[in-house]
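Counting starts at 1 for both ligands and their atoms, in listed order.
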Amino acid sequence: MTEKILYTLHETQALLEQGAVLVVDIRDQDTFAEGHIPGAVNMPEIFSFLSESTPEGLAALQNTFGASFSRVGVAHDHKVVFYEDSFDTRYGASCRGYWLARYLGHPDCGILDGGFWAWQQYGLPEETAEIPPIPSRFLPHPNTALMATRDDVLAALGGSETILLDNRDANEWLGHTSSPYGFDFAPRRGRIPTARWIEWYSFMSRDAIPAFRPAHEIRALCASQQIYPDSEIIIFCFKGSRAANTYVALKLAGFNRLRVYFASWNEWSRNPSLPIESGEPRGA
Ligand SMILES: O=S(=O)([O-])[S-]
């Protein structure tokens, strides 16, 4: 059975009415305070946390989000739906929430299709009051099959088995900036050698409310880079958010051998012993 990831407005509203879902808003605190889905809890750290893929880094990631999920009441036996403004406004942060919950072993989580913009567009109820969350005890059970580490990426370099897929914005791929958060946020600019590149925006329609493109279009886009549904793929970006967005796009299009290099360029670029390619890519 295909895993359900996207929840429509109608489905989410019905689940809320039944008390059958915890809705998690990943936007920043001020935006959350201006209006959010009634009953939603706020977890901006889903977007901001920077991780490392060393054993210590992974343990820190698991502990941090074990504590954060517990703080807002995420529980393994209760459905969770994450949302942001829309899929392309916060670098895919709602997808980062979904992917993190899956990685930490949550069996039943998803994303609000269209995000809060769609919710508002349809005039659905909002509230500004912040109701204190009811904490839970969320114990992470990491699903290591979803995570790629720096060593996994190193092992894939130049090989034919695993495809490295870089989905950062064009100016990062071209080496014009080190990150989306400032030119010098990370110490080096450029690309991981041999990685293929499909900019994350390309997987979404650019309508007023961005949505993932139909599966056949996503498959065709990937095929243009010799990436196919049975390919083994490691996706990366700057810190795992846009990569999670592309993970969702590919999953919806029937790709299943997917891992996210969650620490991404933020980790890779800080270690001078790891190879990068800089300057304009050939043919750019
Ligand atoms: O910073 S990001 O690449 O995770 S959007």
### Task
Could you list which atoms of ligand 1 come closer than 4.0 Å to a heavy atom of Lys239?
1 (O), 2 (S), 3 (O), 4 (O)
#### Entry: Nearest protein heavy atom with distance in Å, relative to atom 5 (S) of ligand 1
Tyr91 CB, 3.0 Å
### Task
Could you tell me whether Arg96 and ligand 1 have an N or O pair separated by under 3.5 Å?
no
### Phe87/Phe212 aromatic ring centres below 6.0 Å
yes
### Task
Select one of side chain, backbone, both or neither to describe which atoms of Tyr181 lie under 4.0 Å from any atom of ligand 1, heavy atoms only.
side chain
### Query
Which atoms from ligand 1 have a heavy atom of Gly240 less than 4.0 Å away?
4 (O)
#### Entry: Verdict with supporting geometry, Glu45 and Phe65, side-chain contact (heavy atoms from CB on, under 4.5 Å)
CA-CA 9 Å; Glu45 65 268 39; Phe65 283 100; 4.2 Å; yes
### Query
Charged N to carboxylate O under 4.0 angstrom, Glu11 versus Lys4?
yes
### Message
Taking 4.0 angstrom as the limit and counting only heavy atoms of Phe238, give me the atoms of ligand 1 inside it, by number and element.
### Response
1 (O), 2 (S), 3 (O)
### Message
Using the salt bridge (Lys or Arg N to Asp or Glu O under 4.0 Å) criterion, which residues pair with Glu127? Sequence neighbours excluded.
### Response
none
### Task
Tell me yes or no: between the side chains of Thr177 and Glu172, is some donor less than 3.5 Å from an acceptor?
no
